[in-house]
K.L.:
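My questions will all concern the structure given below.
These figures come from a predicted structure and were not determined experimentally.
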Amino acid sequence: MQIAFLVAPEGVEQVELTDPWQAAIDAGHTPRLVSTDTGKIQAFNHLDKADTFPVDETVSEASVADYGGLVLPGGVANPDFLRMDEAAVAFVRGFFDAGKPVAAICHAPWTLVEADVVRGRTLTSWPSLRTDIGNAGGEWVDERVKVCTGGPNTLVTSRKPDDLKAFCETFTAEFAKASGS
């Protein structure tokens with residue numbers, strides 16, 4: 001399965017991109033880096049610049065139909081930039097409309113809130129998003145990883161980098177179920 005990893009040109013938490021990316025590869029999937037701009041994205045280790053990664057496709061060129069699932073890495077700035085980009089928000093909403101699995105970690109559910117896809121869903125995130133998720137009609141829980149199947153698709157969420165092992169194991173298993181493998 002081809003999996004879109006949607007990130008802004010800068011601000012993604014590097015480990016929340018690289019660990020799930022490797023987990024997708026290890027599970028036999030093909031990850032592709034989708035961003036709002038061409039070139040390279042700048043990852044961060046919290047507030048410090050880390051590595052850069054080449055963009056495979058811009059969100060304006062990308063089609064939900066080409067992907068079996070979506071991963072939204074966190075970082076504080078990353079989802080804040082994405083939720084201000086109409087094409088990125090529409091791309092995220094498209095996975096829900098198509099019933100395809102989505103996984104989001106840390107601050108990434110901000111983009112889900114903007115896409116208006118958390119209403120009636122139970123999810124987790126970095127604790128500071130609790131009010132935003134509640135205001136958007138979702139139920140926030142404090143769990144390492146949460147799988148919500150009570151909607152048009154499977155939604156896997158996690159709180160923080162310390163939860164990455166559980167997040168990666170869970171999203172790859174759920175994506176495999178969705179693809180029928």
K.L.:
Would Ile133 and Val113 satisfy side chain to side chain contact (heavy atoms under 4.5 Å, CB included), going step by step from the backbone distance to the final call?
P.N.:
CA-CA 6 Å; Ile133 290 168; Val113 167; 4.1 Å; yes

K.L.:
Under a 4.5 Å cut-off applied to non-hydrogen side-chain atoms, are Glu16 and Pro161 in contact?
P.N.:
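With C-beta onward as the side chain, the pair touches.
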
K.L.:
How close do Ala62 and Tyr67 get, counting heavy atoms only, and between which atoms?
P.N.:
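Taking Ala62 first and Tyr67 second, the nearest heavy atoms are CB-CE1, 4.4 Å.
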
K.L.:
If I take atom CG from residue Asp37 and atom OG from residue Ser60, how far apart are they, to the nearest 0.5 angstrom?
P.N.:
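It comes to 9.0 Å.
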
K.L.:
Out of curiosity, does Trp140 fall in the hydrophobic cluster containing Val102 (side-chain heavy atoms, cut-off under 4.5 Å, transitive links)?
P.N.:
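Looking at the clustering, Trp140 is in the same group as Val102.
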
K.L.:
Just checking Glu86: does its CD atom have more than 12 heavy atoms from other residues, nucleotides or ligands closer to it than 6.0 angstrom?
P.N.:
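Check fails, neighbour count at 12 or below.
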
K.L.:
Assigning hydrophobic clusters by single linkage (Ile, Leu, Val, Met, Phe, Trp, Tyr; side-chain heavy-atom cutoff under 4.5 Å), is Val156 placed with Trp21?
P.N.:
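Val156 and Trp21: one cluster.
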
K.L.:
Same cluster for Leu123 and Val141 if Ile/Leu/Val/Met/Phe/Trp/Tyr side chains link at under 4.5 Å?
P.N.:
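No: no chain of side-chain contacts under 4.5 Å links Leu123 to Val141.
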
K.L.:
Does any part of the side chain of Phe96, heavy atoms only, come nearer than 4.5 Å to the side chain of Leu112, both counted from C-beta?
P.N.:
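Yes, their side chains come closer than 4.5 Å.
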
K.L.:
Quick one: closest heavy-atom pair of Pro73 and Ala108, and the distance?
P.N.:
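Where Pro73 meets Ala108 most closely, the heavy atoms are O-CB, 3.5 Å.
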
K.L.:
Do Asp142 and Arg159 meet the salt-bridge criterion of a basic N to acidic O distance under 4.0 Å?
P.N.:
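Answer for the salt bridge query: yes.
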
K.L.:
Within a strict 4.5 Å, meaning less than it, do heavy atoms of the Leu17 and Phe44 side chains meet?
P.N.:
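No, every pair of side-chain atoms sits at 4.5 Å or beyond.
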
K.L.:
Within the distance-only criterion (no hydrogens, no angle test), does the side chain of Thr170 pair as donor or acceptor with the backbone N or O of Phe167 below 3.5 angstrom?
P.N.:
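Looks like no, no N/O pair under 3.5 Å.
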
K.L.:
Quick one: are Val7 and Leu33 in side-chain contact, heavy atoms under 4.5 Å?
P.N.:
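Side-chain contact under 4.5 Å: yes.
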
K.L.:
As an exercise, state the distance from CZ of Arg32 to CG of Leu6, rounded to the nearest 0.5 Å.
P.N.:
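That separation rounds to 13.0 Å.
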
K.L.:
With no hydrogens and no angle check, is any side-chain donor or acceptor of Asn78 less than 3.5 Å from a backbone partner on Gly11?
P.N.:
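No; zero donor-acceptor contacts below 3.5 Å.
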
K.L.:
Out of curiosity, Leu129 CG to Thr157 OG1, how far, rounded to the nearest 0.5 Å?
P.N.:
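Going from the CG atom of Leu129 to the OG1 atom of Thr157 covers 11.0 Å.
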
K.L.:
Decide yes or no on side chain to side chain contact (heavy atoms under 4.5 Å, CB included) for Lys177 and Thr154, but give the supporting numbers first.
P.N.:
CA-CA 10 Å; Lys177 285 182 202 174; Thr154 299; over 6 Å; no

K.L.:
Got a second to check how far Asp56's CG is from Thr38's OG1, nearest 0.5 Å?
P.N.:
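Between atom CG of Asp56 and atom OG1 of Thr38 there are 12.5 Å.
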
K.L.:
Would Phe95 end up clustered with Phe175 when hydrophobic side chains under 4.5 Å apart are linked, directly or stepwise?
P.N.:
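No; Phe175 is not reachable from Phe95 via cluster members.
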
K.L.:
Do Gln2 and Asp66 meet the criterion of a side-chain donor-acceptor pair at a distance under 3.5 Å?
P.N.:
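Note: Gln2 and Asp66 side chains miss the donor-acceptor criterion.
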
K.L.:
So does Arg144 get a backbone contact from the side chain of Ser158, meaning a donor-acceptor N/O pair under 3.5 Å?
P.N.:
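It does hold such a pair.
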
K.L.:
Name the residue from Asp48, Thr52, Asp19, Asp51 that meets the side-chain hydrogen bond (donor to acceptor under 3.5 Å, both in side chains) definition with Gln14.
P.N.:
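So, applying the side-chain hydrogen bond (donor to acceptor under 3.5 Å, both in side chains) to Gln14 and each of Asp48, Thr52, Asp19, Asp51, only Asp51 qualifies.
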
K.L.:
Taking the side chain from Arg93 and the backbone from Ala115, do they hold a donor-acceptor pair closer than 3.5 Å?
P.N.:
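Judged by distance alone, yes, a pair lies under 3.5 Å.
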
K.L.:
Please step through side chain to side chain contact (heavy atoms under 4.5 Å, CB included) for the pair Val64 and Asp97, ending with a clear verdict.
P.N.:
CA-CA 10 Å; Val64 171; Asp97 292 345; over 6 Å; no

K.L.:
How long is the straight-line distance from CH2 of Trp126 back to CG of Asp163, given to the nearest 0.5 Å?
P.N.:
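The CG atom of Asp163 sits 9.5 Å away from the CH2 atom of Trp126.
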
K.L.:
Taking Ala24's backbone N and O only, do any of them form a donor-acceptor pair with Thr172's side chain (distance below 3.5 Å, no angle check)?
P.N.:
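Between the backbone of Ala24 and the side chain of Thr172 there is no qualifying donor-acceptor contact (under 3.5 Å).
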
K.L.:
Output the distance between atom NZ (Lys100) and atom OG (Ser179), rounded to the nearest 0.5 Å.
P.N.:
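Interatomic distance, Lys100 NZ to Ser179 OG, rounded to 0.5 Å: 11.5 Å.
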
K.L.:
Looking at Gln42 and Ala50, would you say the former's side chain and the latter's main chain have a donor-acceptor pair under 3.5 Å?
P.N.:
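Between the backbone of Ala50 and the side chain of Gln42 there is a qualifying donor-acceptor contact (under 3.5 Å).
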
K.L.:
For the backbone of Pro101 and the side chain of Asn153, can you confirm whether one donor and one acceptor N or O come within less than 3.5 Å of each other?
P.N.:
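Such a contact is absent between Asn153 side chain and Pro101 backbone.
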
K.L.:
Taking all atoms of both residues into account, what is the closest heavy-atom pair of Ile41 and Ala8, and its distance?
P.N.:
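The answer is CG2-O, 3.5 Å.
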
K.L.:
Run the side chain to side chain contact (heavy atoms under 4.5 Å, CB included) test on Ser35 and Lys40 for me, step by step, so that the C-alpha distance in whole Å, both residues' side-chain angles and the decisive distance to 0.1 Å come before the verdict.
P.N.:
CA-CA 9 Å; Ser35 188; Lys40 293 185 178 197; over 6 Å; no

K.L.:
Considering non-hydrogen atoms only, spot the tightest contact between Cys148 and Thr122 and give its length.
P.N.:
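In this case the closest contact between Cys148 and Thr122 is CB-O, 3.2 Å.
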
K.L.:
Does Arg121 offer a backbone N or O that forms a donor-acceptor pair with the side chain of Glu139 under 3.5 Å?
P.N.:
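Pair absent, no side-chain N/O of Glu139 close to backbone of Arg121.
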
K.L.:
Find out if a path of hydrophobic residues (ILVMFWY) with successive side-chain heavy-atom gaps under 4.5 Å connects Phe53 to Ile3.
P.N.:
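As far as the 4.5 Å side-chain criterion goes, Ile3 and Phe53 are connected within one cluster.
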
